[in-house]
Structures are given as structure tokens and as C-alpha cells.
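Data first, discussion second: the structure below is written as C-alpha cells.
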Amino acid sequence: MDRGMVIFLGALLTFSSSWLGLIVFPYWQLGNEKPYQKGEGEDPYPRPLSGHELAGMKVYQHNGCMYCHTQQVRSARFGGWTDADGVERTGADIKRSYGLRRTVSRDYIYDNPTMLGTMRTGPDLANIGVRNPSDAWHHTHLLNPRSANAWSVMPSFPFFYTREKVTGARSDRALALGREWTVDPGYRWRPSDGEWADIVARRGPELVAQYAAGRAESIDLSTADGKKRLLEFWLTTPEEDYQVVPNADGDALVAYLLALRKAEVPLPEAKE
């Protein structure tokens, strides 16, 4: 008996049902979702990105940030952590302040593409705009993550910034970082022994006066320890003639990060 037609119909039914169940029905179900508005006069949630935020989403996407950072808060029933009494508990994402609740489909209705991420080499960013609303912190962290966390494995993004000579007053947009992070953006710079000896010979008394301002202790430049302490202090001070400012991509990416405020508004379907 020729079973070709039976196999064909079976395969057609299998693929058709899969297509209907995995594509058509979810599209119909989620495609009609609207922003949530609890009461009259309240802002709808979520809101679409615009301007710098939308441009920053493209920068985030093009630089592969979703390969190390997720944008999804897990349910309170998942994610283990141990409390002070040694008791195993769940809800690690909410414990870490990644969000006030689990994320649901409505959180992503304006995301295109939806960058849920696949692994957490770095922390979840679903609500980083709430968790860390400082644009200055995000800029210094992007220039060199080690300036914020010495143990960070995140790569530096110096191409989002420009090191330029200061003309007139220092720009309000200049990053507030010591010269160890700005002399060679993306790296942690230190002068060679010869360079430091030359700097001490030319500017020693001036730097000692800067160090002593507001301190009870003093520095003896005749000792190796004194020179080392002065070096550590000097590296934390800003460069006198140069500054590092964000370019358009850097500003856009930070605007996008500050706009990530998922899982903050209570939604009816997110109840557990």
C-alpha cells in the first residue's frame, strides 16, 4: 500500500499545527496587547522609546550587549539565594532589585527587537534606569568598567568617547574621572618610573600642597613610600589640559539604559 499520501498529510498536519500554535496564536494573542493604564489621568505603561533612547537601543543591539545582559526578571518562585540564617529561598532577581515583579509580555510591546538575552555574564538590565539613574555613573562605567568595579569582566567602550584638549572652561559633559582612566581611554594608565621621577622633580611641591589640602597628614618626598602615596593621589586627580566627553553613540546608549524601567509598574497578569 502506498503510504506517501499518509506521510504527506501527517507531515502537513504536524507543521501546520506547530505553525498555528507557535506563531499564529501567540501573534494574535500578543499583537493586540495595549499599554496598561490603571486610572484616569495616569501615564500608560509601557511607553515607546523616542529620540536618543531609540537611537541608543540600536547602539545596544549593534554592540551585542544582549549577549552578556538579560532584560527579563524571573518569577519569585525561581532563582535561589540563601538568607542570613542559611535558609534557601527563591526570588533572587527581585532580591537583587532587578524589578518589583516578574516581567510579562506587556512589558515588551514596544520592543523591536525584543532583547531578552540568553545569559547573565553581567547583571540584568530590565530596570537599570530605576536601579541606577545616574548618567554620570553609566558614562564612567562604559568608558572603563574597572573604574567602578575592579573585578569587572565587562569590556571597555572607549570608542563612545573622545579625549580632547580643554579650551577655556572644562565641559560640563566631561567625565569626572582621574587621569589613570583618561590618559589612555579604555585602559588604566600609570606613568613609568622615569616619567614619575620627572613629574616629581617639576611639580613635587605643588602636588604635595594639593595632597595636604584638607588632610592632617603630610608626605615626605625623600622616601619611597611618600612618592608612592603621592602617585596614588595624583592618579585620582583629573588631567589639567585634557578631558574625555561622550560622543553621540555614548549619549544615546546611556539614554537608552536610563529608559529601561521594566517590571516597576504592577500589572494584573504579573500576579503570582
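Under the 3.5 Å distance criterion, with hydrogens and angles disregarded, a donor-acceptor pair is assigned to the side chains of Thr182 and Glu239. Under 3.5 Å, the side chains of Thr223 and Asp225 contain no donor-acceptor pair of N or O atoms. For Asp124 and Thr70, the side-chain atoms include at least one donor-acceptor pair closer than 3.5 Å. With hydrogens and angles left out, the side-chain atoms of Glu33 and Ser105 include a donor and acceptor closer than 3.5 Å.
Remark: side-chain polar atoms of Glu195 are paired, donor with acceptor, to backbone N or O of Ser192 under 3.5 angstrom. The backbone N or O of Glu164 lies less than 3.5 Å from no partner atom in the side chain of Thr162, so there is not a single donor-acceptor pair. A donor-acceptor pair under 3.5 Å is absent between the side-chain atoms of Ser152 and the main chain of Pro145, judged by distance alone. Side-chain N or O atoms of Arg179 include one that pairs as donor or acceptor with a backbone N or O of Trp234 at under 3.5 Å. Distance alone, capped at 3.5 Å, places no donor-acceptor pair between the His52 side chain and the Ala252 backbone. Side-chain N or O atoms of Gln71 include none that pairs as donor or acceptor with a backbone N or O of Gly117 at under 3.5 Å. The main-chain N or O of Cys68 is never found under 3.5 Å from a side-chain atom of Thr121 such that the two would form a donor-acceptor pair. Formation of a donor-acceptor pair under 3.5 Å by the Asp220 side chain with backbone atoms of Ser222 is found in this model.
In terms of the salt bridge (charged side-chain N to carboxylate O under 4.0 Å, His left out) criterion, residue partners of Arg173 (sequence neighbours excluded) are, by chain and number, Asp251.
The number of heavy atoms from other shown groups lying within 6.0 Å of NZ (Lys271) does not exceed 12. For Phe78, the CZ atom is loosely surrounded, since the number of other residues' heavy atoms within 6.0 Å does not exceed 12. Surrounding CG of Asn32 are more than 12 heavy atoms belonging to other residues, nucleotides or ligands, all under 6.0 Å away. In the displayed structure, Asp193 atom CG is contacted under 6.0 Å by at most 12 heavy atoms of other residues, nucleotides or ligands.
Note on Arg170 versus Glu240: no salt bridge recorded, every NZ/NE/NH1/NH2 to OD/OE distance being 4.0 Å or above.
Hydrophobic clustering (ILVMFWY, side-chain heavy atoms < 4.5 Å, transitive): Leu235 and Val200 are in one cluster. The same ILVMFWY cluster, assembled from side-chain heavy atoms under 4.5 Å apart, contains both Met115 and Leu258. When the side chains of ILVMFWY residues are joined at heavy-atom separations under 4.5 Å, either directly or via intervening members, Val254 and Leu177 end up in a single hydrophobic cluster. Hydrophobic clustering (side-chain heavy atoms under 4.5 Å, transitive across Ile, Leu, Val, Met, Phe, Trp, Tyr) keeps Val166 apart from Leu175. Clustering ILVMFWY residues whenever any of their side-chain heavy atoms sit less than 4.5 angstrom apart, transitively, puts Leu257 in the very cluster that holds Leu54.
By the 4.5 Å heavy-atom criterion applied to side chains, Pro191 and Leu231 are counted as neighbours. Counting heavy atoms from C-beta outward, Val24 and Trp19 have side chains that approach closer than 4.5 Å. Residues Pro123 and Tyr98 are in side-chain contact: their nearest non-hydrogen atoms beyond the backbone lie under 4.5 Å apart. Residues Tyr60 and Met66 meet the side-chain proximity criterion, which asks for heavy atoms closer than 4.5 Å. Inter-residue side-chain proximity for Gln61 and Pro113 is flagged as met; some heavy-atom pair is nearer than 4.5 Å. Put simply, the side chain of Asp249 does not reach to within 4.5 Å of the side chain of Asn63, judged on heavy atoms. Taking 4.5 Å as the limit, every side-chain heavy atom of Thr140 sits out of range of all side-chain heavy atoms of Trp181. For the pair Arg190 and Trp196, the minimum side-chain heavy-atom distance is 4.5 Å or more.
Gln243 contributes atom CD, which lies 9.5 Å from atom CG of Asp172 (distance to the nearest 0.5 angstrom). Atoms OG1 and CZ, from Thr237 and Phe233 in turn, are 6.0 Å apart once rounded to the nearest 0.5 Å. Taken from CE in Met154 to CG in Asn144, the straight-line distance is 9.5 Å, to the nearest 0.5 Å. Arg229 contributes atom CZ, which lies 5.0 Å from atom CD1 of Ile219 (distance to the nearest 0.5 angstrom). Glu53 contributes atom CD, which lies 10.0 Å from atom OH of Tyr256 (distance to the nearest 0.5 angstrom). Put simply, CG on Asn132 and CG on Leu260 are 12.0 Å apart, with the number rounded to the nearest 0.5 Å.
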side-chain contact (heavy atoms from CB on, under 4.5 Å) between Lys38 and Tyr45, worked out: CA-CA 9 Å; Lys38 185 176 181 180; Tyr45 170 87; over 6 Å; no

Trace of the side-chain contact (heavy atoms from CB on, under 4.5 Å) decision for Ile128 with His138: CA-CA 10 Å; Ile128 189 64; His138 286 292; 3.6 Å; yes

Test log, rule side-chain contact (heavy atoms from CB on, under 4.5 Å), inputs Phe160 and Leu143: CA-CA 7 Å; Phe160 291 151; Leu143 177 71; over 6 Å; no

Evaluation steps, side-chain contact (heavy atoms from CB on, under 4.5 Å), between Arg203 and Gln210: CA-CA 11 Å; Arg203 301 182 56 200; Gln210 290 181 16; 4.1 Å; yes

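Contact detail for Tyr110 and Pro35: the closest heavy-atom pair is OH-CG, 3.1 Å. Nearest approach of Ile109 to Lys34, heavy atoms of both residues: CD1-C, 3.9 Å. Residue Leu49 comes nearest to Ala259 through the heavy atom pair CD2-CB, 3.8 Å, listed as atom of the first residue, atom of the second, then distance. Between Asn247 and Gly250, the shortest heavy-atom distance links the atoms OD1-N, 2.9 Å.
Between Asp93 and the options Arg131, Arg102, Arg120, Arg101, a salt bridge (Lys or Arg N to Asp or Glu O under 4.0 Å) holds for only Arg120. Exactly one residue among Asp111, Asp107, Thr103 makes a side chain to side chain donor-acceptor pair (under 3.5 Å) with Lys262. That residue is Asp111.
Between His141 and Trp137, the ring planes lie parallel to each other; the angle is under 30°, not in the 30° to 60° tilted range.
Applying the salt bridge (Lys or Arg N to Asp or Glu O under 4.0 Å) rule to pairs touching residues 133-158 yields nothing, sequence neighbours excluded.
Between Phe159 and Tyr161, the distance from one ring center to the other does not fall under 6.0 angstrom.
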